[in-house]
Amino acid sequence: MKILVIGSKGQLGHELVNHCKNSGIKVSGFDLPEIDISSRDQVEKIISDTAPSLVINAAAYTLVDKAESDEITAYAVNKTGPGNIAESCRKTGIPLIHISTDFVFDGKKNNPYLESDKVSPLSVYGKSKAAGDDAVRDILNQHIIIRTSWLYGVYGNNFVKTMIRLGKERDELNVVADQYGCPTCAADLARAVLSTAAHIHDKKETIWGTYHYCGKGITSWHGFTEAILEYAGQHIPLKTKKVNAITTAEYPTPAKRPSYSALDCTRIQENFGISQESWKESLKKTIDKIISADKG
Ligand SMILES: NC(=O)c1ccc[n+]([C@@H]2O[C@H](COP(=O)([O-])OP(=O)(O)OC[C@H]3O[C@@H](n4cnc5c(N)ncnc54)[C@H](OP(=O)(O)O)[C@@H]3O)[C@@H](O)[C@H]2O)c1
């Protein structure tokens with residue numbers, strides 16, 4: 001198996017490349033500025049030069065609030081980009097694993113979203129990602145789309161790192177308590193994606209299409225913050241004594257977010273044998289790594 005990871009400098013892309021290298025899987029990783037996925041020519045050239053047996057697209061425009069005022073770039077990266085990759089994969093007969101998001105849903109459900117549930121994104125980011133997923137489906141039969149949620153990890157900026165930083169600076173924090181979802185550790189997601197890749201490679205009968213993978217368990221941003229600070233506080237000095245629960249209305253943001261976006265992950269378990277990891281246990285392992293990386 002020879003994998004091409006696009007978006008290799010992102011939270012997930014970094015973990016994918018590391019995991020391949022540690023497992024002896026041949027991998028090449030590309031990101032901006034070596035590849036801009038909104039350019040058909042650049043995508044074709046990299047796929048032709050690297051000649052992979054499978055492509056994983058972890059590249060995306062992920063600045064959810066900024067996308068509201070930068071719709072053109074969000075669509076170029078999240079819709080045109082996956083379309084370009086799918087087109088090149090179709091021409092060369094290479095399967096594609098593409099990553100998508102819980103933000104394609106509007107959050108009106110009150111039990112975990114199934115892959116077959118209707119998408120109804122609330123934000124430019126969510127709409128552009130849903131459009132990218134449709135482009136992949138329309139162009140390439142041999143595709144797997146894996147939707148995930150609330151991604152955090154050791155690489156790049158994310159909610160966990162922000163809360164640890166604020167925990168060092170502030171006595172009290174105000175965090176939204178009426179949006180619920182499933183925190184997902186980027187290293188766990190990378191393992192799930194690569195297990196899916198192995199399944200495809202081993203030529204077991206692959207059921208192409210859309211899947212969900214996220215951490216096991218549901219919480220709010222407030223609950224997530226309390227867990228982050230409780231565990232980090234056992235290892236480093238923190239100032240925060242209190243995390244106040246606030247409402248979405250009290251914390252207005254440019255982009256609307258779903259109030260509930262837990263994902264049902266039964267399908268990936270049934271078709272590929274991939275199990276979810278407890279978000280709380282993975283959080284502890286990731287905080288250990290973040291703290292030791294900070295110590296240098
Ligand atoms: N982060 C989350 O909470 C979350 C939740 C659900 C789903 N997801 C999905 O999970 C996937 C991975 O997310 P992530 O958090 O790992 O994202 P990330 O850390 O933002 O990484 C995305 C990477 O794509 C690169 N990129 C942006 N525009 C590009 C372009 N035109 N051509 C090539 N590369 C480009 C980015 O480069 P720059 O940094 O230089 O822009 C970055 O290195 C994405 O599909 C995302 O939509 C993320």
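Every number for a ligand or one of its atoms is a count from 1 in the order of the listing. All values below were derived from every heavy atom in this structure, side-chain atoms included, with hydrogens, water molecules and symmetry-related copies excluded.
For the residue pair Tyr61 / Asp70, a side-chain donor-acceptor distance below 3.5 Å is found, with atom types taken as modelled.
Within the 4.0 Å heavy-atom criterion, the part of Lys129 lying near ligand 1 is the side chain and not the backbone. With a 4.0 Å cut-off on non-hydrogen atoms, Trp150 touches ligand 1 through its backbone and not its side chain. When heavy-atom distances to ligand 1 are checked against a 4.0 Å cut-off, Ala59 comes that close through both its backbone and its side chain. Under 4.0 Å from ligand 1, the heavy atoms of Val77 that appear belong solely to its side chain. With a 4.0 Å cut-off on non-hydrogen atoms, Tyr125 touches ligand 1 through its side chain and not its backbone. Of the heavy atoms in Ser100, only backbone atoms (N, CA, C, O) come closer than 4.0 Å to ligand 1.
Every heavy atom of Gly13 sits 4.0 Å or more from the atoms of ligand 1. Residue contact check for ligand 1: Ala186 places no non-hydrogen atom closer than 4.0 Å to it. Within the structure, ligand 1 lacks Gly81 among the residues with a heavy atom less than 4.0 angstrom away.
Counting atoms of ligand 1 from 1 in the listed order, those under 4.0 Å from a heavy atom of Ile35 are 32 (N), 33 (C). Numbered from 1 in the order shown, with element, the atoms of ligand 1 that lie under 4.0 Å from a heavy atom of Asp36 read 30 (C), 31 (N), 32 (N). Below 4.0 Å from some heavy atom of Leu12 lie the following atoms of ligand 1, by number and element: 16 (O).
In this structure, Lys109 satisfies the cation-pi test against Tyr113, with its NZ or CZ atom closer than 6.0 Å to the six-membered ring centre and inside 45 degrees of the ring normal.
At the shortest separation from atom 1 (N) of ligand 1 among protein heavy atoms lies Gln11 NE2, 3.6 Å.
For Thr62, a nitrogen or oxygen atom sits less than 3.5 Å from a nitrogen or oxygen atom of ligand 1, counting backbone and side chain alike.
Side chains of Arg90 and Glu87 form a contact here, defined as non-hydrogen atoms less than 4.5 Å apart. Residues Glu250 and Thr247 are in side-chain contact: their nearest non-hydrogen atoms beyond the backbone lie under 4.5 Å apart.
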Please walk me through it: do Glu44 and Lys91 pass salt bridge (Lys or Arg N to Asp or Glu O under 4.0 Å)? CA-CA 10 Å; Glu44 282 201 353; Lys91 281 187 192 158; 2.6 Å; yes
